[in-house]
Structure formats: structure tokens, C-alpha cells
Amino acid sequence: MSAPSLPAYDPAAVEAKAQARWMEDRVFEADDQGDQPFYCLSMFAYPSGQMHMGHVRCYTLGDVIARYQRLKGRTVLQPVGWDAFGLPAENAAIKNGVPPAEWTYANIDAMRGQFKRLGLALDWSREFATCDPSYYRWEQWMFLKLVEKGLVERQTTVVNWDPVDQTVLANEQVENGRGWRSGALIERREMPQWTLKITRYADELVDALETMDGWPEQVRTMQRNWIGRSEGVDIDFVVEAPAGQPPVSTLTVYTTRPDTFFGCTYVAVAPDHPLAKAAAETDPELAAFRAECQKVRAAEADLATQEKLGRPTPFTAIHPLTGVALPIWVANFVLMEYGTGAVMAVPGHDERDFEFAQKYGLPIVQVVAPQDGSDELADLTQGAYTSKQGQLVNSPGFDGLAFAEAFDGIASALEAKGAGRRRVNYRLRDWGVSRQRYWGCPIPMILCGSCGPVPVPEADLPVVLPTEVVFEGVSSPLKTDALAAWRQVACPRCGAAAERETDTFDTFMESSWYYARFACADNDTAMLDERAKKWTPVDHYVGGIEHAVLHLLYSRFYHKLLRDEGLVDSDEPFKRLLLLGMVLKDGRKMSKSAGNIVSPNELIDRHGADALRTFMMFAAPPDQTVEWSDSGVDGATRFLRRLWAQVQSHIADGPAPALDPCALDDAGKALRRLAHETLAKADDDFGRRLAFNTVVSSVMSLSNELGRYDGAGETARALRQEVLTIAVQVLSPIAPHICHQLWLALGHARPVLEGPWLAVDEAALARDEVDLVVQVNGKLRGKLSVPSGADQDAAQALALAEENVQRHVEGKTLRKVIYVPGKLLNFVVGG
RNA sequence: GCCGGAGUGGUGGAAUUGGUAGACGCGCCGGACUCAAAAUCCGGUCCCCGCGAGGGGGUGUGGGUUCAAGUCCCACCUCCGGCACCA
């Protein structure tokens with residue numbers, strides 16, 4: 001060791017110093033007046049009290065993007081806040097007797113400290129928690145606006161009831177028939193609920209997906225499926241009841257295949273359908289069947305291959321185009337929630353109808369046949385022919401037509417008869433936002449015995465959630481006697497004694513607009529102001545794939561509501577979306593139950609935040625799952641230490657002179673070329689590809705090559721200065737603390753994070769000679785260096801001079817030569 | 001079942017537009033330094049044959065297109081995610 005006195009890398013000291021400087025300079029407080037605004041946002045965290053690796057990954061990714069954009073000259077906003085309402089606080093309150101507010105704020109304090117240790121370029125001046133009345137009052141205010149606009153309804157609906165969490169869940173929160181948080185089997189209950197009319201925006205939500213090219217295709221597909229738009233026809237049947245049965249006048253079915261209408265041989269209704277209920281009144285067997293279906297629905301909704309079962313009814317439906325009387329069945333595979341709860345069954349051309357018809361001996365009629373010359377088969381004794389590529393048969397007036405014309409023709413015929421209407425149908429249903437929970441935003445409504453539900457007057461906002469509460473069991477303290485005083489109010493309309501709504505909002509309400517509030521979090525006279533128009537839409541949004549439909553669909557909807565209220569002026573909230581993969585350990589998700597949690601705090605203690613961040617970025621591309629590796633962090637630490645040592649030994653000799661690139665020898669030129677290639681690649685990887693793993697690996701390569709470079713003298717020192725300057729800047733968004741210090745050590749006056757991003761010297765990229773791969777019949781036979789402008793003849797001559805190439809070519813006929821300048825030469829020989 | 005995405009050394013991954021497969025890291029092997037160890041540094045590391053030069057094989061499987069395929073096409077297998085009787 002020639003210089004044992006060089007300062008050693010001490011991450012704790014380096015990181016404390018850099019963070020203190022940033023805080024002192026207040027560099028991360030975004031300038032609302034700044035040019036070229038760039039809004040970078042990581043999905044805000046639920047304050048569990050413990051930062052975990054998922055947070056580290058998500059926030060580091062966002063931070064890398066934010067810091068890179070800052071280097072590129074953008075005015076960056078990267079705020080932070082807390083998604084602070086929700087069940088865990090209540091569960092903790094029930095378990096430990098700590099009020100949810102107290103528990104939540106203590107957790108936020110703990111997590112704030114943990115987040116700060118990561119060295120994130122966050123604007124803490126805009127921080128807020130959604131459980132603060134100064135935040136949720138605007139959510140209540142917006143809700144009242146939506147009430148005025150008729151976008152809110154109170155509906156008694158069948159809801160998903162979670163018996164463990166004692167609350168209603170949205171469809172999106174039910175996974176395989178179980179609650180997304182509790183895992184309990186979901187029951188179906190009828191309950192009055194406040195709903196937001198998201199279905200009015202269904203078309204816009206689904207259509208916009210087509211142009212949202214900053215979003216992963218996977219997420220767009222998931223949302224498209226979730227909205228589930230289909231184009232079809234409602235068809236009305238006249239229903240005939242036998243004598244003695246109560247009359248039922250008409251039955252409407254929904255179909256997307258009106259082209260197969262002449263193949264309809266029966267009609268099936270859901271067990272919950274009014275017609276099924278009517279028929280069950282005089283048919284005990286049917287009543288038993290309906291009860292059985294309800295039981296199955298509640299308990300085994302996730303059964304994949306449930307047998308198709310049904311019961312006949314005494315009713316018949318008159319086919320509006322043929323006049324034929326068709327039997328009406330009750331079938332367990334028909335869902336009351338979708339379409340009209342009734343289907344026209346075309347067993348010849350629908351697999352479910354086919355299976356059912358075979359089981360119960362119902363007729364199967366073919367009305368679609370493969371096109372002439374098609375190699376499709378349609379054997380209706382084996383199964384339904386469901387292709388839309390066929391042509392109609394046995395359909396008087398429509399025979400020979402293809403799908404589109406047949407759809408149109410039959411739909412028009414039905415419309416002409418007044419027996420049908422074209423209709424666009426959606427799988428998406430309105431968003432039920434009521435939750436029977438305490439720790440949430442109070443719904444600003446008052447229930448009056450004579451007026452019904454009445455909105456809280458705007459002047460009375462916010463309706464503050466009482467925080468001094470005691471839990472008695474699992475139900476909401478808002479419903480207890482202790483809070484009777486909070487609950488009992490005068491009706492704003494008639495003045496009579498009335499009660500507040502005790503349900504609170506779904507927490508997805510808070511997360512649907514927080515990104516906009518960050519633009520103007522200090523405004524206490526309005527929900528949003530002009531700054532929201534400046535900063536939104538979010539330029540880059542980073543978060544977990546688990547929010548692909550839930551949060552990201554609600555936010556898109558809410559943004560349109562804000563737009564229609566004049567509060568923002570864009571159509572979509574998030575321009576570019578990065579959904580990151582999970583962090584695994586031993587192939588499994590880190591969790592307490594699996595006992596495989598790696599604590600970010602301990603890692604920062606041992607290795608520093610920079611090493612943790614570097615490994616996290618290096619281990620895998622952002623959107624893939626990443627396997628945690630302790631030795632991988634060791635590797636990152638080694639790399640940072642090596643870079644540190646390279647800078648220290650370089651600066652030990654004092655300031656470097658200016659570089660004269662012309663004075664470089666070949667090795668020097670090659671090193672300089674690599675440095676500028678690294679710079680150019682990093683720019684592309686950071687900005688376009690979001691491939692931060694390859695940024696790290698290319699800086700590692702550059703550092704390795706610098707280590708191998710043994711040039712001496714002033715020119716070599718000048719080159720090392722340039723190479724290290726590039727390496728440090730390129731790495732700085734990923735390992736910001738060490739790069740902050742090394743950058744200053746290299747003699748730069750202003751901190752590295754101020755930029756500007758270094759310019760690539762095109763001259764440095766130029767090559768005198770390029771490597772050429774020589775193949776014979778596609779097999780690698782040699783490599784050679786040729787002048788970079790070499791034409792095919794010159795390259796060929798050089799290649800044929802190679803012994804090994806010669807060996808494979810001689811005595812054979814040269815049929816063809818493929819030349820890709822700068823890359824490859826391929827001799828195609830024969831004989 | 002349907003719709004996405006993915007399958008590359010012992011391992012995490014790289015290969016961006018069809019042009020040297022395995023960059024970079026981890027692990028392992030060997031060496032240097034050391035009384036020794038740790039740390040650090042240097043070298044090696046896809047498989048097979050060969051002392052070597054070199055040759056053969058190789059990106060889940062089987063076909064195909066092409067001078068050339070990890071990359072494109074067809075069929076299939078496995079894994080992950082989503083939806084799931086959606087009429």
C-alpha cells in the first residue's frame with residue numbers, strides 16, 4: 001500500500017453529511033414557479049410503523065427518476081405523504097387499546113425517520129397525512145359537489161360483506177371469494193350504500209386506455225377487462241304463464257350474439273331473478289334449488305368448475321321473430337348481476353348453453369355454419385360452434401350473412417318490431433364507497449327521519465372524526481352511546497332531530513386525489529388551486545402492481561371528476577406508470593409469517609443507504625420481481641468502496657490539469673471512449689428504458705477499466721479526472737450520498753445534484769478501428785480489427801488473410817458474402 | 001377455460017433494431033499479501049472432446065423462416081399475474 005493514509009469510506013459519516021447539506025440548502029423543496037416542471041411520485045405508504053423492502057424499492061426507483069430529471073434540468077416535485085386511514089389502526093386499537101389516531105401518528109413519526117435515512121430527494125414541506133381534517137375536509141367538500149351533480153346515489157344493494165372486518169368490500173377488494181385483507185369468506189348482504197357513478201365514465205375510462213402509451217400494456221389490459229365493455233342487444237320476450245300462475249308480462253335478456261337468435265331453444269334466468277322467485281312460490285323444488293344456489297354463491301364463489309344445474313318453470317317465452325314458445329328455465333350459471341339476469345340460450349353456439357341443453361335434453365339447433373372453403377368444423381353433436389367466422393343458416397331472411405351483417409340485421413329487425421334495443425353493457429359497476437368502519441373519513445351526510453339523507457352544508461365542513469374513542473368489540477365507536485353527542489344533530493333542511501351518517505369512506509377515496517393535493521398542500525381555502533394545473537398530470541408514477549385496477553382505476557375516475565369541476569385541466573392523472581415487481585427472499589414474499597424479513601434499517605446500519613440502494617437497483621430491472629441477496633449487498637458495498645478508493649488516490653496528487661484528448665495513447669482513447677459510451681448509455685437507460693440495473697453494471701465496468709488503465713503523467717491524470725467525473729455523476733441518482741462527496745472531492749464547486757448532465761463528446765466515441773466478427777456459414781471463425789470506414793472488399797481481404805478463416809473457406813465455392821459494417825462479415829460457402 | 005408476461009450457466013441477471021450468447025454482480029476454484037485469519041488485490045469459471053491450436057454442442061420442448069434466431073413465425077410444456085359461467 002503506497003498510501004495507507006487515504007481516508008476510508010465511512011458510509012454513516014458520508015450519508016449524514018450529505019443529508020445535512022441537502023436539508024440546509026432545502027434543495028428538494030420544489031419551486032412552484034420553476035421551469036420545465038417534472039412531477040415524480042411514488043405511491044404513498046400506509047404508515048404501518050415499519051419501513052420494509054418494498055418501500056425501499058419503490059421509493060428508490062422514484063428517487064432515481066427524480067434525481068435524474070433534476071440533472072437534466074427539470075424542476076422536480078417529489079412529495080411524500082401518508083395513506084393514513086384504514087383497518088390496521090383499528091385492529092391495533094382493539095388489540096392494544098391505543099386510539100387509532102395516536103397509533104397512526106406515532107407510526108408516521110417512526111417511518112418518517114426511516115424514510116429520511118434512505119436519502120430520498122423528497123419535498124418534506126408538502127407532507128400530509130390523509131387522516132388530518134385539513135386533508136379530508138376537501139374530500140367531503142368534493143363529495144358534496146358530486147351529490148349536487150347527481151353523481152352520488154344511495155342504493156340498497158347486495159354487497160360483499162366481510163364478516164371478520166365487519167365491513168363492506170368493493171368487488172375489486174374480493175379475491176377468489178375472500179376479503180383482500182382479512183382473507184375471510186365473503187357473504188352477500190343487502191345494505192344501503194353510498195355509490196359514486198363511475199359507470200357514467202366507463203366509456204371514457206376504457207377508450208383512453210388506447211392512447212395511454214406511458215402505461216404498461218399489461219395494466220391497460222387488466223383495466224379493459226375490468227370495465228368489460230361489450231356491445232349487444234336487449235331482447236324482450238312476451239311471457240306466457242299457464243292458468244293458475246301469476247302473470248308475468250315480459251322478460252328481457254341481454255346478448256352479444258343476436259346473430260344466433262334463430263338458434264335460441266330456451267331461455268334461462270338467474271336464481272335471483274324475479275321470474276324465478278315467482279315460479280318458486282308454487283314449486284317447492286324450485287324454491288329449494290334457489291336456496292341451494294344462494295348457499296353455494298356465498299360459500300363457494302371461487303369454485304372453478306361448478307356443475308351446470310337448473311330447474312324448469314311453467315312459463316314460456318315467445319320468440320319475437322318466429323313466434324315459437326320457448327321454455328324458461330332457472331339456471332345456476334346465469335348471474336343476476338350481469339346484463340339483465342336472463343339469457344337467451346343458443347346451445348348450438350354457446351358452450352354453457354350446450355352443456356346445459358345436453359344435460360336436460362333441450363333441443364340444439366344449428367344456425368351458424370363454417371364459411372364455404374373454411375377448414376373449421378362444426379359438429380353440433382360434440383360441442384357448440386362458437387366461431388364468429390361462420391355464416392348464418394336456418395335463419396329465415398338472414399341466411400348466408402356473416403357475423404357483422406347478421407348482428408346488424410337481426411338487431412334492426414328486433415328494433416323495428418319494438419322487441420329489442422342495441423345496448424352497450426359493462427362489467428364495471430358503480431363504486432360503493434361506504435364502509436362500516438370508524439377510522440376513515442366521515443361521510444358528510446345527515447339522515448333525517450322526514451327528509452331522508454341530507455348533505456351537510458358546506459359551511460359546516462369539515463365533519464371531524466372524533467379521535468378520543470374507546471373500542472367496544474369490533475364495531476365502530478361512531479355507533480356507540482359514548483359518541484351520541486357527535487351523532488345527534490339537527491336536520492339542516494327541516495331542523496328536526498337527525499343523525500349523522502356513521503359510515504366512513506372507503507380509503508381508496510383518499511388515495512384517489514392525494515397526488516393533486518401535493519401541488520398545493522398548504523392551501524386551506526380550497527381543495528386545489530392553479531398549482532395543481534401546473535404540476536398534474538404526474539409525469540412519472542411508481543408503485544406496486546397490486547394497484548393495477550383498484551387504486552389506478554379510481555384515481556383515473558376521480559381525476560376526471562376533478563377536471564369536470566374545473567380543478568385540473570388534464571384528462572388523465574398519470575402520464576407514465578412504472579409498476580415494480582415484488583421483493584422476494586428465498587423465493588417467497590417477505591413476511592412475518594414466513595420469517596424471512598430483512599430489515600432495511602439494519603442494512604443501512606451495516607452498509608449504508610447507498611449500498612442498499614445500489615444493490616436494489618442493480619439486482620433486477622424495476623418491473624421484475626427481485627430476489628433478495630445479502631451477499632449481493634456486500635458486492636454493492638465493495639463496488640462503492642473501490643470507487644471511493646479510486647477517487648481518493650486520484651485526488652491525493654492534487655488537482656488534475658485540463659485534458660487534451662489528442663495527447664492520449666490508444667489505451668487512453670479506449671478508456672475515454674468507454675467513459676463517453678457509458679454516459680450516453682446511462683442517459684438512455686435512465687430516461688427511456690428505465691433500466692437502472694444496467695446503469696449500475698456499466699459504471700462498474702467503467703470503474704474496472706479505469707483500474708486496469710496504467711497510464712502515467714499529466715495526460716493520464718486529466719483522463720482519470722474526466723472518467724471519474726462521468727462515473728460519479730452517472731451513479732449519483734442511485735448512490736447520491738457517496739457521489740455527493742466524491743464529486744466535491746474531485747474539485748467541482750457546485751453539488752453534483754445540480755447538474756447539468758454532462759455532454760457526450762462525439763469525438764470521443766469515434767473509432768479508428770472497429771472489431772469485426774468473421775463467420776463462415778454463420779459460424780464464428782475469427783475476429784479482426786479493421787479501419788472503421790472499411791468497405792466490403794477491404795474487410796473481405798483482411799478476413800481471408802486470417803488463417804482460421806482461410807481454412808474453412810478454401811476449396812469451397814464462395815456463394816455469397818454478407819457484410820454488416822462495423823459488426824460482421826459472413827462468408828456463405830458451398831460444395 | 002380466456003387474456004397478459006416470462007422461461008438464458010451453480011445463482012441474480014445482460015444481450016436495446018435479427019448480427020460475437022452469458023456483460024456486470026454473487027458463489028465457487030486458484031494465486032498474491034499475512035505467522036495465520038479477515039479485508040483487499042490478481043487470474044479462472046456454460047457443457048463436451050483436445051496438451052494445445054482448435055473443434056462440437058448450447059438460451060423450456062419440437063418444427064419453421066433466414067446467410068444469420070435468445071430475439072421472428074407455428075405447435076406444445078412449465079411458471080407468474082389478471083379475469084373467470086360476463087351471455
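Convention: sequence-line order gives letters A, B, ...; per-chain numbering from 1.
- One interatomic measurement links the two molecules: OH of A/Y426 to C1' of B/rA87, which rounds to 17 Å at whole-angstrom precision.
- The aromatic ring centroids of A/Y266 and A/F356 lie less than 6.0 Å from each other.
- Residue A/Q775 contributes atom CD, which lies 12 Å from atom C1' of B/rG18 at whole-angstrom precision.
- Nearest to the side-chain atoms of A/R638 among the listed nucleotides B/rU40, B/rC3, B/rG13 stands B/rU40.
- Classified by interplanar angle (parallel below 30°, tilted 30° to 60°, perpendicular above 60°), the ring pair A/F692/A/F686 is tilted.
- If you check B/rG54, B/rA87, B/rC67 against the side chain of A/N804, the one that comes closest is B/rG54.
- Here the C1' atom of nucleotide B/rA84 and the CD atom of A/E337 are 14 Å apart, to the nearest Å.
- When all heavy atoms of A/G348 and A/L380 are compared, the pair lying nearest together is O-CD2, 3.3 Å.
- Nearest nucleotide to the side chain of A/R689, out of B/rG19, B/rA23, B/rA15: B/rA15.
- Taking atom C1' in both B/rC28 and B/rC46, one finds a spacing of 14 Å when rounded to whole Å.
- Remark: the A/K681 side chain and the B/rU16 base include a donor-acceptor N/O pair separated by less than 3.5 Å.
- Exactly one of A/L825, A/N826, A/V809, A/V776 qualifies for a side-chain contact (heavy atoms from CB on, under 4.5 Å) with A/R781. That residue is A/V776.
- A/A345 and A/D353 make their closest contact through CA-OD2, 3.2 Å (heavy atoms, listed as atom of the first residue, atom of the second, distance).
- Pairing partner, B/rG43: B/rC29, with both Watson-Crick or wobble hydrogen-bond distances short of 3.5 Å.
- Taking the side chain of A/K783 as heavy atoms from C-beta on, and the options B/rG27, B/rU20, B/rG25, the nearest nucleotide is B/rU20.
- Ranking B/rA23, B/rG55, B/rG13 by closeness to the A/S701 side chain, first place goes to B/rA23.
- For the pair A/L780 CG and B/rA15 C1', the computed distance is 16 Å after rounding to whole Å.
- One atom, NE2 of A/H808, and another, P of B/rA53, lie 15 Å apart when rounded to the nearest Å.
- In this structure, A/T340 reaches neither bases nor backbone, as no heavy-atom distance under 4.0 Å exists between it and the strands shown.
- Looking at heavy-atom distances under 4.0 Å, A/N704 makes contact with sugar-phosphate atoms alone, never a base.
- Contact annotation: side chain of A/K308 to base of B/rC85, donor-acceptor pair present below 3.5 Å.
- Nearer to the 5' terminus of RNA chain B, by closest-nucleotide assignment, is the contact made by A/D684 (compared with the other of A/S631 and A/D684).
- Within the nucleic acid shown, A/V773 comes within 4.0 Å of at least one base atom, counting heavy atoms only.
- Heavy-atom nearest nucleotides on RNA chain B were determined for A/G632 and for A/M344, and the one closer to the 5' end corresponds to A/G632.
- Of the candidate nucleotides B/rC83, B/rA87, B/rA68, B/rA68 has the atom nearest to the side chain of A/N826.
- Note that CG of A/D710 is 11.0 Å distant from CG of A/L706, once rounded to the nearest 0.5 Å.
- In this structure, CH2 of A/W628 is placed 14 Å from C1' of B/rG25, rounded to the nearest angstrom.
- Residues A/T199 and A/D430 have side chains that bring a donor and an acceptor to within less than 3.5 angstrom of each other.
- Comparing B/rC85, B/rG12, B/rG19 against the side chain of A/I818 picks out B/rG19 as the nearest.
- Nucleic acid contact for A/R807: sugar-phosphate only, since backbone atoms but no base atoms lie under 4.0 Å from a heavy atom of the residue.
- For the pair A/R352 and B/rG1, the criterion of a side-chain N or O lying under 4.0 Å from OP1 or OP2 is not met.
- Relative to the side chain of A/D685, the nucleotides B/rC86, B/rC24, B/rU16 differ in distance, and B/rU16 lies closest.
- Across all strands, A/G339 comes closer than 4.0 Å to no nucleic acid atom at all (heavy-atom distances).
- Between A/Y254 and B/rA87 there is no side-chain N or O to OP1 or OP2 distance below 4.0 Å.
- Across B/rG56, B/rC3, B/rA87, the shortest atom-to-atom separation from the side chain of A/R781 is found for B/rG56.
- Considering only residues two or more places apart in sequence or on other chains, A/E210 meets the side-chain hydrogen bond (donor to acceptor under 3.5 Å, both in side chains) condition with A/R224.
- Checking B/rA38 for Watson-Crick or G-U wobble geometry (two distances, each under 3.5 Å) identifies no partner in any strand.
- Across all strands, A/P216 comes closer than 4.0 Å to no nucleic acid atom at all (heavy-atom distances).
- Residue A/R641 has its side chain nearest to B/rU40 when only B/rA14, B/rU40, B/rC85 are considered.
- Checking the phosphate oxygens (OP1, OP2) of B/rG57, a side-chain nitrogen or oxygen of A/K779 falls inside 4.0 Å.
- The separation of B/rA37 from B/rG30, taken at their P atoms, amounts to 13 Å, rounded to a whole angstrom.
- Atom C1' of nucleotide B/rC85 and atom CG of A/D353 are separated by 10 Å, given to the nearest angstrom.
- Residue A/N693 places at least one side-chain N or O under 4.0 Å from the OP1 or OP2 atom of B/rA14.
- Here B/rC86 presents its C1' atom at 11 Å from CZ of A/R429, a figure rounded to the nearest Å.
- Regarding the sugar-base torsion, B/rG58 falls in the anti class, its angle being beyond 90° of 0.
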